[in-house]
Student: 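Below is the structure I would like to discuss, written out as C-alpha cells.
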There are 2 protein chains.
Amino acid sequence: MIDAAGLRVMKAIADEGSFTSAANALGFTQPAISQMVRRLEQRTGTVLVERYGRQVRLTEAGQVLARHAVGVLAALDAAEEEITAIAGLRAGRVRLQAFPSSSATLVPRTLAILKARHPDITVTFTEAEPPESLAALRNGDCDVAVAFAYEGGDLGELEEDLSLLVTRRLMDDEVRLVVPGTHPHAGDAAASLADFSGEEWIAGCPRCRGHLLSLADTAGFRPNVAFETEDYVAQLGLVTAGLGVALVPDLILNAAKHDDVATLPLSPASRRQILAVTTPDLQRVPAVAAALDALCEAAGADPKASTAELVGAKT
Amino acid sequence: MIDAAGLRVMKAIADEGSFTSAANALGFTQPAISQMVRRLEQRTGTVLVERYGRQVRLTEAGQVLARHAVGVLAALDAAEEEITAIAGLRAGRVRLQAFPSSSATLVPRTLAILKARHPDITVTFTEAEPPESLAALRNGDCDVAVAFAYEGGDLGELEEDLSLLVTRRLMDDEVRLVVPGTHPHAGDAAASLADFSGEEWIAGCPRCRGHLLSLADTAGFRPNVAFETEDYVAQLGLVTAGLGVALVPDLILNAAKHDDVATLPLSPASRRQILAVTTPDLQRVPAVAAALDALCEAAGADPKASTAELVGAKT
DNA sequence: CCTCATCATAACCGATGATTATGGAATCCT
DNA sequence: AGGATTCCATAATCATCGGTTATGATGAGG
C-alpha cells in the first residue's frame with residue numbers, strides 16, 4: 001500500500017515546501033510528484049497535502065508519512081550500505097571447514113593471506129573430515145570445505161558427494177611411507193609396498209585406512225593394522241618408537257621435520273588431491289571467492305585454471 | 001534500488017524456506033518470486049539466494065535484507081496504521097481558533113460534542129479575532145476558524161479574506177441594544193438607533209466598533225464613544241452602572257442572565273453571521289469534518305445544508 | 001493589469017512486475 | 001533403480017505503474 005518511493009516523495013515535499021522543488025531535489029519533473037501524491041492519497045483514502053492557493057502544505061496524515069519516511073529511508077540506506085559492503089569485501093563472512101591435516105599448514109597460510117588482503121571480512125574455521133564438511137556445505141552451515149580425495153580408490157564414493165558442488169584443485173599431496181630410521185629399508189630411494197607386507201601398520205582416519213587397504217590389496221597383501229589413530233603426530237611417534245610403519249601424506253611431513261624416521265616415496269607413487277569445495281552460487285559471493293583464491297595461493301596452485309574436474313571423475 | 005516489495009519477498013523466503021511457499025504466503029505465484037529475486041540480485045549486484053539442489057537458502061547478503069525487512073515493514077505498517085487511525089477518527093488533531101465571544105457558549109458545546117463522539121482525537125483551541133484566525137488558517141497553523149461577519153457593513157472586507165476558503169454558516173447572531181434598566185427606553189419593544197444618538201456609547205472590538213459606526217451612520221448620527229473594551233462582561237458592567245449603552249450580540253447575552261439591564265431588539269434588526277471557515281482540502285480531513293459537524297450541531301444549524309455562501313457575498 | 005510561478009491534467013510511453021504454460025532437475029517413494 | 005513428485009527457471013504475454021512532455025488554470029506580485 002505504502003512504498004518507499006511514496007515516502008521519499010512525501011519527505012521531499014515536507015523538506016522543500018513545494019512540489020516543484022521536491023521534484024528537483026529528487027530528480028523528477030513536477031507532474032511526477034503531482035500524480036504520485038494523488039496516487040498516494042487515493043490509495044490511503046486520506047488527504048495528505050493541503051493545496052492552499054499556490055502553496056502546498058502537508059496535512060497531519062501527510063506529516064505522519066513524512067515523519068516515518070526518515071526512519072524507513074534510513075533503514076533502507078543502511079541495508080543497501082551493508083550489501084555494498086559485502087559486495088566490496090569491506091564486510092562479509094566466510095565459514096571454512098577443513099580436514100585436520102590441512103589445519104597445520106594450508107589453512108593458517110590461507111587465513112593469513114585473507115586477513116592481509118581483506119582485513120574486514122570475518123573468517124570462521126572449523127575442523128572437519130570431508131564427509132562432515134561436505135554435509136555442512138550441503139546443509140548451509142559452511143561456505144567452503146577443504147577436502148581430499150585419494151586417487152583411484154574411494155574417489156567414486158566422494159564423487160557422489162560432489163554432485164551439485166564445484167571444486168577447485170588446490171594441490172596434489174603425495175603419500176609417503178614412513179618407517180623407523182633404523183629400518184632396513186630406511187635408506188631406500190623408493191618403497192614398493194609389497195616389501196612391507198609383513199610389517200605392523202599404523203592407520204589413520206577411516207578414509208586413510210581405506211586407502212591403505214586399497215593400496216595393499218593392489219600390492220597383493222592384507223596389512224596387519226596394529227594401531228589406529230587420527231593424530232598424525234601420534235602416528236609418527238609410534239613409527240619412531242619402532243612399533244610399525246605408516247602411510248603419511250607430504251602435507252603433514254612438510255609441516256615439521258621429524259627425526260629418527262625415514263619417509264620413502266612409494267613406487268608406484270600414490271597421491272591424494274586437496275580440493276576446495278563450494279556451491280555454484282556461493283562461488284560468486286565475493287568473500288567466498290576471495291577465500292578460494294587465498295586457498296589456491298596458499299596451496300601454490302594457479303588460482304585461475306584450478307576450477308577443475310576431479311582427476312578421473314566420470315564427466 | 002531496494003524497495004519495500006523486495007524486502008517483503010526476501011523476508012517471506014527467509015520465513016518460509018522456499019520460493020513456492022513464500023509465493024503462497026504473499027499471495028503471488030512462484031515465478032513472480034523467482035524473477036523478483038533475480039531482479040533484486042542484478043540490482044544489488046550480489047548473490048542473495050543460494051540455490052542448492054531444489055532447495056534455496058539466503059546468502060549472507062540475503063539475510064541482511066531479510067533482517068532489515070523486519071524493521072522496515074514494521075515501520076511501514078505503523079505508518080499505515082496511523083493513517084487509517086486518522087482516517088477512522090481513532091486519532092487525529094483539530095486546531096480550532098474562535099473569536100472571544102464564541103468561547104463562552106459555542107466552543108465549549110462544540111468541544112463537548114466532539115469529545116463525546118470521537119474521544120480519541122485531540123482538539124486544541126485558541127482564542128483569536130477573525131483577522132488573526134483567518135491568517136492562521138492561511139498560514140497552516142489552524143484547521144478551523146470560527147469567525148463572524150456583520151451583515152452589510154464590513155462584509156466585503158472579510159470577503160476578500162475568504163477567497164480560497166470554504167465557509168459554513170453556523171448561526172445568525174442578532175445584535176441588541178443594551179441599556180440600563182433605569183433607562184427611559186428600557187421598556188420598549190424595539191429600539192430605533194436614532195433615538196439613542198445622544199447617548200454615550202460603549203464600543204467593543206475594532207470590527208464591532210466599526211459596525212456600530214456603520215449602523216449609526218445609516219441612522220444619521222455619529223455616536224459618542226465614551227468607552228472601549230473588548231470584554232463583554234465589562235461592557236455590561238458599564239451599562240449596568242449607567243455609564244452608557246452598547247450593542248451586544250445575542251450570543252453573549254444568552255450566555256448568562258444579566259440583571260439591571262434591558263436588551264432591546266434593534267429596528268431595523270441587525271445581525272452578524274457566525275461562520276466556520278476552513279480550506280477545501282482540510283474540509284475533507286475526517287477530524288476537521290467532524291469538528292465542523294460538531295460546530296454546526298452546537299450552533300443548532302443543519303450540518304448538511306450549511307456549506308453556504310456568505311449572505312450577500314458577490315458570487 | 002500583466003506576468004510569473006506553481007500545481008493539475010492529458011496524452012503518451014517504456015519499464016516493472018504480475019500471469020500462464022512449460023521445462024529441467026533433484027528428491028522421494030516404491 | 002526408476003518413476004512420480006516437487007521445486008525452481010524460463011519464455012511469452014499483458015496490465016499497470018510511474019515517468020515524460022505539453023498545456024491549462026490560477027493565485028501572487030511587480
Side-chain angles (χ1 to χ4, degrees), chain A residues 1-10 12-13 16-43 47-59 62 135 137-140 160-165 279-281 315, chain B residues 1-10 12-13 16-43 47-59 62 135 137-140 159-166 279-281 315:
Chain A
M1 182 173 177
I2 299 174
D3 60 345
L7 290 185
R8 204 181 310 272
V9 167
M10 292 304 294
I13 295 173
E16 302 288 330
S18 82
F19 284 14
T20 303
S21 47
N24 290 335
L26 295 179
F28 292 146
T29 57
Q30 171 264 316
I33 306 296
S34 200
Q35 52 191 339
M36 186 71 190
V37 170
R38 188 176 43 181
R39 270 194 299 270
L40 269 179
E41 286 188 330
Q42 59 196 29
R43 254 183 241 172
V47 183
L48 298 177
V49 173
E50 183 195 345
R51 288 89 165 163
Y52 177 81
R54 86 183 189 196
Q55 60 180 317
V56 293
R57 291 192 285 264
L58 298 190
T59 64
L137 192 59
R138 236 189 321 279
N139 208 32
E160 102 176 14
D161 282 1
L162 291 177
S163 75
L164 298 184
L165 299 175
T279 72
D281 287 327
T315 313
Chain B
M1 182 172 177
I2 300 175
D3 61 344
L7 290 185
R8 206 181 307 273
V9 167
M10 292 305 293
I13 295 173
E16 302 289 330
S18 81
F19 283 16
T20 303
S21 46
N24 290 334
L26 295 179
F28 292 146
T29 58
Q30 171 264 314
I33 306 296
S34 200
Q35 51 190 339
M36 185 72 191
V37 170
R38 188 176 44 184
R39 272 193 298 270
L40 269 179
E41 286 187 329
Q42 59 196 27
R43 254 184 241 172
V47 183
L48 298 177
V49 173
E50 184 195 346
R51 287 87 165 165
Y52 177 80
R54 85 183 190 196
Q55 58 179 319
V56 293
R57 290 192 286 263
L58 298 190
T59 64
L137 193 59
R138 236 188 321 278
N139 208 33
E159 191 188 353
E160 102 177 16
D161 281 1
L162 291 177
S163 74
L164 297 184
L165 298 176
V166 292
T279 72
D281 287 327
T315 313

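Every chain is numbered from 1, with letters handed out A, B, ... down the list of sequences. The basis for the numbers below is simple: all heavy atoms, side chains too, and nothing from hydrogens, waters or symmetry mates.
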Student: Testing the basics here: between B:R57 and A:G140, what is the closest heavy-atom pair and its distance to 0.1 Å?
Tutor: NE-CA, 3.3 Å
Student: Could you tell me whether the phosphate oxygens of C:dC7, OP1 or OP2, come under 4.0 Å of any side-chain nitrogen or oxygen in A:T20?
Tutor: yes
Student: Under 4.0 Å from OP1 or OP2 of C:dT16: is there any side-chain N or O of B:R38 that close?
Tutor: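 For C:dT16, neither OP1 nor OP2 has a side-chain N or O of B:R38 closer than 4.0 Å.
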Student: Report the residue (B:G17 or A:A5) whose heavy-atom-nearest nucleotide on DNA chain D is the more 5′ of the two.
Tutor: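 It is B:G17, whose closest nucleotide lies nearer the 5' terminus.
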Student: Measure the shortest side-chain to side-chain distance between B:Y52 and A:L164 over non-hydrogen atoms and say whether it is less than 4.5 angstrom.
Tutor: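 With C-beta onward as the side chain, the pair touches.
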Student: Just compare C:dA18, C:dC7, C:dC28 and give me whichever is closest to any side-chain atom of B:R54.
Tutor: C:dC28
Student: Provide, to the nearest angstrom, the distance between the CG atom belonging to A:L40 and the P atom belonging to C:dA8.
Tutor: 13 Å
Student: Which comes earlier along DNA chain D counting from the 5' end, the contact point of A:F28 or that of B:V56, where each point is its nearest nucleotide?
Tutor: B:V56
Student: Rounded to the Å, how far apart are A:N24 CG and C:dA5 C1'?
Tutor: 13 Å
Student: Please report the distance, rounded to the nearest Å, between CD in B:Q30 and P in C:dA21.
Tutor: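 From B:Q30 CD to C:dA21 P: 14 Å.
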Student: For a 4.0 angstrom threshold against heavy atoms of chain B, report the outermost contacting nucleotides of DNA chain D in 5' to 3' order.
Tutor: D:dT5 to D:dG27
Student: Less than 4.5 Å apart, any side-chain heavy atom of A:V49 and any of A:L58?
Tutor: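 When only atoms from C-beta onward are counted, A:L58 and A:V49 do touch, with a gap below 4.5 Å.
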Student: What pair of heavy atoms forms the shortest contact from A:I33 to A:A23, and how long is it?
Tutor: CG1-CB, 3.5 Å
Student: Any non-hydrogen side-chain atom of B:R43 less than 4.5 Å from a side-chain atom of B:D3?
Tutor: yes
Student: Rounding to a whole Å, what distance do you find between A:N139:CG and C:dT27:P?
Tutor: 12 Å
Student: Apply the side chain to side chain contact (heavy atoms under 4.5 Å, CB included) test between B:I13 and each candidate in B:L26, B:V37, B:L48; give the one that qualifies.
Tutor: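 One option only clears the test, and that one is B:V37.
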Student: Determine the contact category for B:Q35: base if any of its heavy atoms lies under 4.0 Å from a base atom, sugar-phosphate if only primed atoms, P, OP1 or OP2 are that close, otherwise nothing.
Tutor: base
Student: Can a donor-acceptor pair be found, under 3.5 Å and without considering hydrogens, that links the side chain of B:T279 to the backbone of B:L165?
Tutor: no
Student: Measure CZ/B:F19 against P/C:dA26 and give the value in whole Å, please.
Tutor: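 That distance rounds to 16 Å.
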Student: Categorize B:L164 for me: base, sugar-phosphate, or nothing, with a 4.0 angstrom heavy-atom threshold over every strand shown.
Tutor: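 The answer is sugar-phosphate, as B:L164 gets under 4.0 Å only of primed atoms, P, OP1 or OP2.
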Student: Students often get this wrong, so: under 4.0 angstrom with heavy atoms, is B:T29 touching a base, only sugar-phosphate, or nothing?
Tutor: base
Student: In whole angstrom, what separates A:R51's CZ from C:dA8's C1'?
Tutor: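 My rounded result for the distance is 9 Å.
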Student: Quick one: which of C:dA10, C:dT20, C:dA26 gets closest to the side chain of B:P31?
Tutor: C:dT20
Student: Nearest whole Å is fine: how far is C:dC28 P from B:Q55 CD?
Tutor: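 Atom CD in B:Q55 sits about 9 Å away from atom P in C:dC28.
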